[in-house]
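Here is how names work: the chains are called A, B, and so on, in the same order as the sequence lines, proteins then strands, and each is numbered from 1.
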There are 2 protein chains.
Amino acid sequence: MNIELMEANEQRVKIFKALADPTRIEIVRTLFLAKKELACGEVGGICAVSKSNASYHFRTLREAGLIKVRKHAQTKYTTLDEATLRKYLPGFLETLL
Amino acid sequence: MNIELMEANEQRVKIFKALADPTRIEIVRTLFLAKKELACGEVGGICAVSKSNASYHFRTLREAGLIKVRKHAQTKYTTLDEATLRKYLPGFLETLL
DNA sequence: ATCTTAGTTGTATGAATATTGAACTAATGG
DNA sequence: CCATTAGTTCAATATTCATACAACTAAGAT
């Protein structure tokens, strides 16, 4: 059982855990469909979550490499990290259409 | 927020939960690479899991629609459910190569 | 019939996750 | 400087999930 495979599988598990939640699926779906950046606070407008909970979901997605963050003033704008998605889940985003 | 989307997302969450575990990733990977059926008891030879634990993992995968089961005598042979995989995760299996 | 083999199910336990609310930091605007 | 806004962090709680072990069912084999 080689080491590279184990590392790749760890990454896969992290990604699947990150997507194994309805709120986070909705975040990813919104980011893909709207083709625009999303701020943490806007998530509350999509699903019914508190801001601290939204922050937690964003961190989970970020740590899995699924989103990237750009900071401007107090606001953090997130976008999908397409490189990760293409590497580990090619074709997945299109199934959200 | 329409009802069809919510149902599809529930299914997505179920699938991602099912794949969010190293043992189950290995099972899926083995089924794909070996291109043969796998019996519950054989899982212990791939990862270090007890038979009841292997049974639990198979149930999780089956309930997510990721594997199909064929029974012969006492043995249950599983294969990937390619329809589900193609619908929700097209291109994923190939990333396991 | 008895023994063995393959798998399931129940219960218990510990680990990981999700959610909340309050306190906090950092940037902005008056 | 003070108030506001956006987000993070912490502690507490609730829920879900993974694992183990024992008891069980079902199908064969002798």
CA sep, side-chain torsions, deciding dist, call: Asn53(A), Val43(A), side chain to side chain contact (heavy atoms under 4.5 Å, CB included):
CA-CA 10 Å; Asn53(A) 194 216; Val43(A) 177; over 6 Å; no

With rounding to the nearest 0.5 angstrom, report the CG to CZ distance, Leu89(B) to Arg12(B).
9.5 Å

Any base atoms under 4.0 Å from Ala54(A), or only sugar-phosphate, or nothing? Heavy atoms, all strands.
nothing

Distance check, rounded to the nearest 0.5 Å: Asn9(B) atom CG versus Lys14(B) atom NZ?
13.0 Å

Return a single string for nucleotides 21-30 of chain D, one symbol per nucleotide in 5' to 3' order, where B is base contact, S is sugar-phosphate-only contact and - is none, cutoff 4.0 angstrom on heavy atoms.
BB----BS--

Salt bridge (charged side-chain N to carboxylate O under 4.0 Å, His left out) involving Glu10(B) - partner list, sequence neighbours excluded:
none

Are the side chains of Phe16(B) and Ile15(A) in touch, meaning some heavy atoms are under 4.5 Å apart?
no

Tell me whether Thr30(A) contacts the main-chain N or O of Glu26(A) through its side chain, where contact means a donor paired with an acceptor under 3.5 Å.
yes

May I have the distance from Arg70(A) (atom CZ) to dA6(D) (atom C1'), rounded to whole angstrom?
14 Å

Across all chains, not counting sequence neighbours, the salt bridge (charged side-chain N to carboxylate O under 4.0 Å, His left out) partners of Lys36(B) are Glu42(B)

For the pair made of NE2 in His57(B) and C1' in dC17(D), what is the distance, rounded to whole Å?
10 Å

Provide, to the nearest angstrom, the distance between the CZ atom belonging to Phe58(A) and the C1' atom belonging to dT9(D).
17 Å

Would one find a side-chain N or O of Arg24(B) under 4.0 angstrom from OP1 or OP2 of dA18(D)?
yes

Hey, are the side chains of Thr60(B) and Asp21(B) touching, using non-hydrogen atoms and a 4.5 Å cut-off?
no

Pair listing, side-chain hydrogen bond (donor to acceptor under 3.5 Å, both in side chains) test, anchored in residues 76-97 of chain B, at least two apart:
Glu82(B)-Arg86(B)

With a 4.0 Å cut-off (strictly under) to non-hydrogen atoms of chain A, the first and last hit nts on DNA chain C, 5' to 3', are dT17(C) to dT28(C)

Measure the NZ-CG distance between Lys68(A) and Leu61(A) for me, rounded to the nearest 0.5 Å.
14.0 Å

Within residues 15-23 of chain A: residues closer than 4.0 Å to DNA chain C (heavy atoms)
Lys17(A), Asp21(A)

Please classify the nucleic acid contact of Tyr56(A) as base, sugar-phosphate, or nothing, using heavy-atom distances under 4.0 Å.
base

Distance col, row Leu96(B):CG vs Phe32(B):CZ, nearest 0.5 angstrom, shows 7.0 Å

